[in-house]
S.K.: 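The structure that follows is given in the form of C-alpha cells.
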Amino acid sequence: MEYFSILAYTIPMEERFLPIGIQDFEDLRRRGFLYVDKTAYVYKLAREGKPYFLSRPRRFGKSLLLSTMEYYFLGKKDLFKGLALESLEKDWIEYPVIKISFGADNYPDLDCLRSQENSILSDYEKKYDVEVSDFRAAPRLKNLIRAAYEKTGKQVVILIDEYDKPILDALYTDFEEQNRQELRSFYSPLKDCDKYIRFLFITGITKVSHVNIFSGLNQLNDISLNEDFSSICGISESELEKYFQPEIKNLAERRKLTYQQAKEKLALMYDGYHFSQDAEGVYNPFCLLKCFMEKKFGSYWFESGTPTFLVKTLQNQPIFLTNLVNGRKAKEDQFKNYDPDSKNMLPVVYQSGYLTIKDYNPEKNVYTLDFPNEEIKYGFLNVLLKKFVTVPDDDLGLAIDNLCDALESHNVDRVLSIIKSAIADLPTIVKKDMCENYYESVTHLMFRMTGYNVVSELQNVAGRSDVIVTTKDSVFIFELKMDKGQDFEKIAELALTQIDANGYSERFAVSGKQMFKVGVVFSSDGKGIVGWKIK
C-alpha cells in the first residue's frame, strides 16, 4: 500500500480524499485519505514524558491524535510510511495499549456510565485473559493493567479520550456528582500502577479543577497551553499551505475568487485559534475540510451541534456578556480550569472553543481572550440570542436584518422598537435582580449580530458608556437605565445628560460621522423597554 507522503499537495485532485469524520489512524492511512502529519509531536511526547493532559474544543482532532498514538505504540511501522515518525523512530517496540473512550455514548446517569466502563473493561479482560472476582470498576482496571504488563513483559500504554464527557452530560442534574465520584474511583488505580505504565495521555474539552478526577496524579503534565504543542491539533497556516494548495485553488475557482482572496476568507471564517500566547494560529480542521468538500464558506462547526453543557451553563447561570466578549482580560487561572461549583463561565466558554487567546501582556501576566473567527462569533451570539430573547428562531434572522436596515437609515425609533419586541418579558431563567445586566447584555448581543462594531462599557476618564454602535457613517451612543418606579422621561433625560457630562462622544468627534445619543429606560419589574429619548 502506498501512503500519502508529506508532499501531499503533489497528488492529483481526483485522488485526494478528505478525512472528514475519520478518527481511526489505520483506516485513514489504508484507505488513502489525506493526513496532516502530526507524528513528530507523538514522538516528542513519547520520548520526553509519561503522563499528559490535553484540553481542546470538540471537532479538533483529539480522537485521531489518540488513534495515531495507539498505532505507534502498537508498533505498526507500515502505517507511518512517508511520515515524520518513520525516520525519527528507530526501535518500533510493540506495547500493550488500553484505550478508554467515553465519546461514543451519552451519560445522563450513573447506570449509563457504569455500563460503558464495564464494556471497555470486558473487552480488554478477554484479550488478556483476566479473571474477574471483584466487579467494581477500579479494581478491574488495576488488575487489567497489571495483567497486561505481566503477560507481555512490557509496560502498558493508556489512552483516555473525552474523560470529562460523563460529567458534562450530567451537568446541573442529580447525577453530576455521582458520575464525578464514579470517574474519580475508576481512574484511581493510575497512581498505584505507575510502575506498570509506559505512557498515559488524557484528552477532554474541559480541565476540571476542584474535583480532582485524577486523584494523586500530581505530576500530570498539562500541555494545553504549551507553546511547543499549540498546533498538535488543528491545522496551522504553514500546514494549510503545505497540504491543501489544490483545495484552496478549487475553492477559489468555484467561488470566483483569487487564490489570495480565498485564503483570506478561510482565515476570517475558520482560523484564529491560539493555544499559547506566542504560537502560530490554527484552523478548526473539521470546518476547513468541510469547506473544501462543499466548496463554500459555511458555519459547519455549529451545524454539527452546540455542546449541551454550554447551553446548560448559559441557562443555569446569569449572563454577563461584557465579561465574555470585548477582548476579555484574564489571568491564566481564570480560564484554564473549570470549577462546576463556580459561577465563572469563562473556562467553559474558552475551553469549548468560543474564545481563544488573542494577546498576552508578559509584564502583568494577563491574557486577552476574544472570538477566534467570524463563524464562532456569530454562532455563539446566535446561541445566546436564541436562549435569551422572545423572538422565534425562524424570525430571528429577519429581526437582525431589520435592525441593520434601521441603523443604516438612522431610524433610532425603529431600532429600539425591534429590541423592545425581542425582550418584551424577562425570561424565567433570569432573576429580577439580574435584569439590568440581562437587558444590557441582550441589547449588546442584538447589535453584535448586525456585524457593526459594538462595544460595551467603553472606558474613558469620567466613566464607562453602556453600548456604542458604529457604522460607516454614524455613531450611536446608548446609555441604559432602569426606571426603579420613576417616570421614564426623567430617567431618559438623565441618561442623555450623563452621556454629555462624561464625554462619551468626545473620542468620536473628529470622525466626521453623524452622532446619535440615546437614553433608554428599562422596567425594573422585568417588562422590557419602557421608553427612550434621542438627541
Side-chain angles (χ1 to χ4, degrees), residues 49-55 66 69-70 73 95-105 107 109-128 130-152 154-171 174-224 337-341:
K50 179 194 292 191
Y52 294 98
F53 173 82
L54 176 69
S55 168
L66 257 67
M69 293 175 174
E70 177 183 13
F73 282 110
Y95 293 93
V97 176
I98 297 174
K99 189 175 180 182
I100 299 169
S101 175
F102 290 105
D105 203 350
Y107 309 94
D109 55 48
L110 186 59
D111 288 341
C112 293
L113 173 55
R114 285 177 171 169
S115 176
Q116 178 66 358
E117 289 173 343
N118 179 65
S119 176
I120 293 169
L121 293 170
S122 295
D123 288 344
Y124 284 108
E125 285 164 347
K126 290 177 184 177
K127 180 176 180 178
Y128 293 106
V130 180
E131 290 189 10
V132 180
S133 56
D134 187 336
F135 287 89
R136 291 175 299 158
R140 289 173 67 185
L141 179 60
K142 183 176 183 178
N143 291 338
L144 174 61
I145 294 171
R146 183 184 300 150
Y149 170 78
E150 291 174 350
K151 293 190 176 184
T152 63
K154 296 185 179 68
Q155 288 179 302
V156 181
V157 171
I158 301 177
L159 306 173
I160 303 174
D161 195 15
E162 298 197 47
Y163 88 94
D164 53 348
K165 194 171 188 299
I167 299 173
L168 301 177
D169 284 352
L171 209 60
D174 295 337
F175 292 101
E176 178 187 351
E177 180 60 25
Q178 293 182 31
N179 283 7
R180 194 185 304 167
Q181 294 288 356
E182 177 68 19
L183 285 177
R184 184 186 292 125
S185 173
F186 179 60
Y187 294 132
S188 61
L190 296 177
K191 177 186 177 183
D192 293 338
C193 291
D194 182 68
K195 66 180 179 180
Y196 304 124
I197 298 174
R198 162 66 180 86
F199 185 80
L200 170 63
F201 199 91
I202 304 162
T203 76
I205 293 177
T206 60
K207 175 72 179 298
V208 180
S209 66
H210 177 66
V211 293
N212 195 12
I213 297 297
F214 298 98
S215 179
L217 285 177
N218 297 324
Q219 78 280 25
L220 192 64
N221 186 3
D222 183 0
I223 61 171
S224 303
N337 297 326
Y338 169 55
D339 180 352
D341 295 333

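The shown structure was predicted, so the numbers you read here are calculated from the model rather than taken from an experiment.
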S.K.: What distance separates Leu168 CG from Glu176 CD, expressed to the nearest 0.5 Å?
M.R.: 8.5 Å
S.K.: Determine the minimum heavy-atom distance between Leu121 and Ala137, stating which atoms define it.
M.R.: CD1-O, 3.8 Å
S.K.: For the CG atom of Asp123 and the NZ atom of Lys99, what is their distance to the nearest 0.5 Å?
M.R.: 13.0 Å
S.K.: Hey, are the side chains of Tyr149 and Pro96 touching, using non-hydrogen atoms and a 4.5 Å cut-off?
M.R.: no
S.K.: Hey, does the side chain of Lys165 reach the backbone of Ile205 with a donor-acceptor pair shorter than 3.5 angstrom?
M.R.: no
S.K.: Leu113 versus Phe102: any side-chain heavy-atom pair under 4.5 Å?
M.R.: yes
S.K.: Measuring from Ser101:OG to Leu66:CG, what's the distance to the nearest 0.5 Å?
M.R.: 8.5 Å
S.K.: Minimum heavy-atom separation for Tyr107 and Asn179, please, with both atom names.
M.R.: O-ND2, 3.1 Å
S.K.: May I have the step-by-step check of side-chain contact (heavy atoms from CB on, under 4.5 Å) for Ile160 and Tyr187, ending in yes or no?
M.R.: CA-CA 10 Å; Ile160 303 174; Tyr187 294 132; 3.6 Å; yes
S.K.: Would you please name every residue forming a side-chain contact (heavy atoms from CB on, under 4.5 Å) with Asn118, sequence neighbours left out?
M.R.: Ser122, Arg140
S.K.: Find the distance between CD1 (Ile98) and OH (Tyr124) and round it off to the nearest 0.5 Å.
M.R.: 7.0 Å
S.K.: In terms of side-chain heavy atoms, does Glu182 have a donor or acceptor partner in Gln178 at a distance below 3.5 Å?
M.R.: no
S.K.: Can you classify the ring geometry of Phe73 versus Tyr95 as parallel (below 30°), tilted (30 to 60°) or perpendicular (above 60°)?
M.R.: perpendicular
S.K.: Between Pro189 and Lys142, what is the shortest heavy-atom contact and its length?
M.R.: CB-CB, 3.7 Å
S.K.: With rounding to the nearest 0.5 angstrom, report the CG to OG1 distance, Leu159 to Thr203.
M.R.: 9.5 Å
S.K.: Quick one, Leu183 and Asp164 - any side-chain contact, counting heavy atoms below 4.5 Å?
M.R.: no
S.K.: Taking the inter-plane angle between the rings of Phe199 and Tyr52 on a 0 to 90° scale, is it parallel (under 30°), tilted (30 to 60°) or perpendicular (over 60°)?
M.R.: tilted
S.K.: For the CD atom of Glu162 and the CD1 atom of Ile202, what is their distance to the nearest 0.5 Å?
M.R.: 14.0 Å
S.K.: Below 4.5 Å, heavy atoms only, C-beta onward: do Leu110 and Gln181 meet side chain to side chain?
M.R.: no
S.K.: Looking at every heavy atom in both Glu125 and Leu144, which two are closest together, and how far apart are they?
M.R.: N-CD1, 4.1 Å
S.K.: So, for Gln155 and Ile197, which heavy atoms are closest and what is the spacing to 0.1 Å?
M.R.: NE2-O, 3.4 Å
S.K.: Do the charged groups of Arg114 and Glu117 touch, with an N to O distance under 4.0 Å?
M.R.: no
S.K.: Looking at Met69, Arg198, Glu70, which one forms a side-chain contact (heavy atoms from CB on, under 4.5 Å) with Val157?
M.R.: Arg198
S.K.: If you define the side chain from C-beta out and look only at heavy atoms, does anything of Ile223 sit under 4.5 Å from Phe201?
M.R.: yes
S.K.: Does atom CG of Asp134 have more than 12 heavy-atom neighbours from other groups under 6.0 Å away?
M.R.: yes
S.K.: If I compare all heavy atoms of Ser188 with all of Ala138, which pair ends up nearest, and what's the gap?
M.R.: OG-CB, 4.0 Å
S.K.: Would you say that Phe53 contacts Leu200 through its side chain, given a criterion of any heavy-atom pair below 4.5 Å between the two side chains?
M.R.: no
